[in-house]
Amino acid sequence: MSIPLEKLKWMYETMVKIRLYEETMVQVYMEGKNPVFNIGAGTVPGEMHLAAGQEPAAVGIGAHLRKEDTVTASHRPHHNAIAKGVDLNRMTAEIFGKETGLGKGKGGHMHLFDTDVKFSCGGIVAAGVPHAVGAALAAKMKGKDWVAVAFIGEGAANAGAFHESLNLAAVWKLPLIVVVEDNSYGISVPKAVSTAVPFNAERASAYGIAGFYVRNNDPVEMYRVSEDAVKRARLGEGPALIEIETYRYLGHFQGDPEVYRGIDEVPALREKDPIVRVKSLLVEEGVSQGELNAMETRARSAVDEAYQFARESAYPQPGAALEDVFDLAAQ
Amino acid sequence: MSTVVHRRLLTGNKAMAEAIAQEMERDENVFVMGEDVGAYGGIFGSAEGLHQRFGAERVRDTPISETAFIGAAIGAAAEGMRPIVELMFVDFFGVCMDQIYNHMAKIHYMSGGNVKLPMVLMTAVGGGYSDAAQHSQTLYATFAHMPGLKVVAPATPYDLKGMMVSAIRDDNPVIFMFHKTLQGLGWMDQLDYSVGHVPEEEYTVPLGKANVVREGKDVTIVGIQMTMHHAVEAANQLAVEGIEAEVIDLRSLVPLDKETILNSVRKTHRLLVVDEDYRSYGMTAEIAAIVAEEALYDLEAPILRLAVPDVPIPYSRPLEQAIVPGVKEIREAVEQLVRH
């Protein structure tokens, strides 16, 4: 195994944290939505897209990123945010619509912005890729070795913004890495029905850039491939495209009837769970059960603290809806 | 004793480009990108001379990928750069409106004010030269409708420079609309008002302040860019008939300077609003609504509106001239208002 042990431990603890966060959200999201499911009701109203199972994409490349690197993500952003080190308390408060949230309750779960760690996400498919191009351009113009990573789903690889952005980043040789999280479905439509090539990674050749495909939701392989892509980007060698075959354990959003896939599919995916695999690696490396327990406890505590912070925070005053349209201090 | 006053004259496009050049000198974070802004200097001259002076790193020709490069301007602005990005014709907004409407306009708000986007999107607007339905629109209201964007439309070389400086220094995203016919380009109509006095030193003209360009007591005419110039010409003709029209150059759609309009209407008691954009749901409707809400009892006649009558801009010269409000239509509308 070629991953430094400290990195592997970080990946494990972060994956556990992500999984606990998403599993907790499954429960919290249903508060106030029983017995009749109303999307606009409850502790956490609105759409909820969870990423349980997709942790390897976030941590495999996240292990190579620094605070100064930029990450943009999609409508399914929690794993990417947690791996980038977004303030979990303020992120959760944002999802609860509280005034202590990252966006004072104006963004919600699909629109998380943490300027301290340069993370953003958005609800329009593929639209974050050009923003990452811009961050990469800024890094280059400032003479920094920072990189920008855009996470998207495999469905986004059929959007114009994806192709325009890869061409632009390639022609300007920008430090951009696009990570395609292939979870097999664009909401309900299987990749084979929507996409003319079996692997989006092949599309890298259309832009003369490096393309990588990571099979089996493998966090270790994701780490290795990302190491190469990030290193090359930092050296000014241009963009890369990484696609990872990953698994979405839950529906597109909570409340998705999932009529488009067989009842056996998710249990079979869970059999190959990447967190279990990384844990086995750590055990092989001689990490003690006590240390594993400590990592899991830390993750649990961080998640519990975040949800408690969100619950105890106040809602914004209604009048705050009229603020922050413009930066008034700017003049 | 006589005094000789030296007035430095520039075309609209040179005034704009001078503002950008001076801001690029002042702030290394300012840069320009767009289609043909490099060696060509922008199809309508907005970036004339910048590439030669600042090089390809800071004056970037882009591929025909408006979503990517306007999105990249957003991403760069979030990192503290101050990009000026050109959408060659405003009509091309359709291929990149997600980046403008959903991201450029909303990110500051959705982030609770934490993310600033100090960027300028400059774009050419307007018709009058037979470029037909996909290259002649102004679309003022389309952009002014979405909260979160400042939208300005200067009409003189002096304002083009001063408002460009203000737009670049503003920490909010600004849509900077320049009218093609007011750029003073050699290959379009030669209009006196596309050339004007522009001081060489830097100055700012605030965004969000209308300008009373002609004072009068009988009627208020609000116009923007070409329709403001038409209004001044109409007012000069009307003066011969003894009608004194006050003309307001709106200059900025967002923020909208309501006070200047209301103060004028309270003085003249009559209002005509003239727009080169479509009539329905547009700038004329907005201003008429504001005056109806806040100064209805000051009016001595119903408000009149002139605008493109809800048809796409036609190609053929007589057809286009028939639907875009000009001096004659303004004069007739004012005469109707004053007779009332």
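Chain naming here is simple, since letters A, B, ... match the order of the sequence lines and numbering starts at 1 in each.
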*Are A/K118 and B/E79 within salt-bridge range, i.e. N to O under 4.0 Å?*
yes
*List the atom of A/H131, the atom of B/G71, and the distance in Å for their closest heavy-atom pair.*
CD2-O, 3.4 Å
*Side chain from CB out, backbone as N, CA, C, O: work out which of these in B/D98 comes under 4.5 Å of a heavy atom of chain A, or both, or neither.*
side chain
*side chain to side chain contact (heavy atoms under 4.5 Å, CB included) with B/T204: which residues, sequence neighbours excluded?*
B/V165, B/S166, B/R169
_For B/A72 against A/V133, the heavy-atom pair lying closest together_ = CB-CG1, 3.9 Å
*Which pair of non-hydrogen atoms, one from A/A127 and one from B/H103, has the smallest distance, and what is that distance?*
CB-NE2, 3.2 Å
*asked:* Can you confirm whether more than 12 heavy atoms, excluding those of A/E237, are under 6.0 Å from its CD atom?
replied: yes
*Where does A/A321 contact chain B at under 4.5 Å (heavy atoms): side chain, backbone, both or neither?*
both
*Which bit of A/A132 is near chain B, if near means a heavy-atom gap under 4.5 Å: side chain, backbone, both or neither?*
neither
*asked:* Looking at B/G112, is its backbone amide N or carbonyl O close enough to the side chain of A/K104 to form a donor-acceptor pair, meaning the two atoms are under 3.5 Å apart?
replied: yes
*Would you say the side-chain atoms of B/Y109 pair up with the backbone N or O of A/G103, donor to acceptor, closer than 3.5 Å?*
no
*Give a yes or no on whether A/K142 atom NZ has more than 12 heavy-atom contacts from other residues, nucleotides or ligands under 6.0 Å away.*
yes
_Around atom CD of B/E25, are there more than 12 heavy atoms from other residues, nucleotides or ligands closer than 6.0 Å?_
yes
*Determine the option with the most heavy-atom pairs under 4.5 angstrom with chain A, choosing from B/K106, B/K116, B/Q99.*
B/Q99
_Under a 3.5 Å distance rule, please check whether B/N114 uses its side chain to pair with a backbone N or O of A/L102 as donor and acceptor._
yes
*Is it the backbone or the side chain of B/V254 that comes under 4.5 Å from a heavy atom of chain A, or both, or neither?*
side chain
*Atom OG in B/S111, atom CG in A/D114: separation rounded to 0.5 Å?*
10.5 Å
*Please list, in residue-number order, every residue in residues 67-77 of chain A that has a heavy atom less than 4.5 Å from any heavy atom of chain B; write 'none' if there are none.*
A/T70
_Any side-chain to backbone donor/acceptor pair from A/D327 onto B/D171? Under 3.5 Å, distance only._
no
_Structural part of B/L117 lying under 4.5 Å from a heavy atom of chain A_ = neither
*Interatomic spacing from CE in A/M110 to CE in B/M110 - rounded to 0.5 Å*: 9.5 Å
*Based on non-hydrogen pairs under 4.5 Å, which of A/L168, A/T115, A/L137, A/I124 is most in contact with chain B?*
A/I124
*Specify the closest pair of heavy atoms between B/M81 and A/A138, including all atoms of both residues, with the distance to one decimal.*
CG-CB, 3.6 Å
*Would you name the heavy atoms of A/S165 and B/A68 that are closest together and state the gap between them?*
N-CB, 3.9 Å
*Does anything in residues 139-148 of chain B get under 4.5 Å of chain A by heavy atoms, and if so which residues?*
B/P147, B/G148
*Roughly how far apart are B/H108 NE2 and A/F326 CZ, rounded to 0.5 Å?*
9.0 Å
_Crowding at OH, B/Y281 (>12 non-hydrogen neighbours, <6.0 Å)_ = no
*Can you say whether B/F69 sits under 4.5 Å from chain A via the side chain, the backbone, both, or neither, judging by heavy atoms?*
both
*Heavy-atom distances under 4.5 Å only: say whether A/E99 touches chain B with side chain, backbone, both or neither.*
neither
_I need the contact set between residues 49-67 of chain B and chain A: heavy-atom distance under 4.5 Å, sorted by residue number._
B/E57, B/R58, B/R60, B/D61, B/T62, B/P63, B/S65, B/E66, B/T67
_Choice from A/L112, A/L174, A/N167, A/V325 maximising heavy atom contacts with chain B below 4.5 Å_ = A/V325
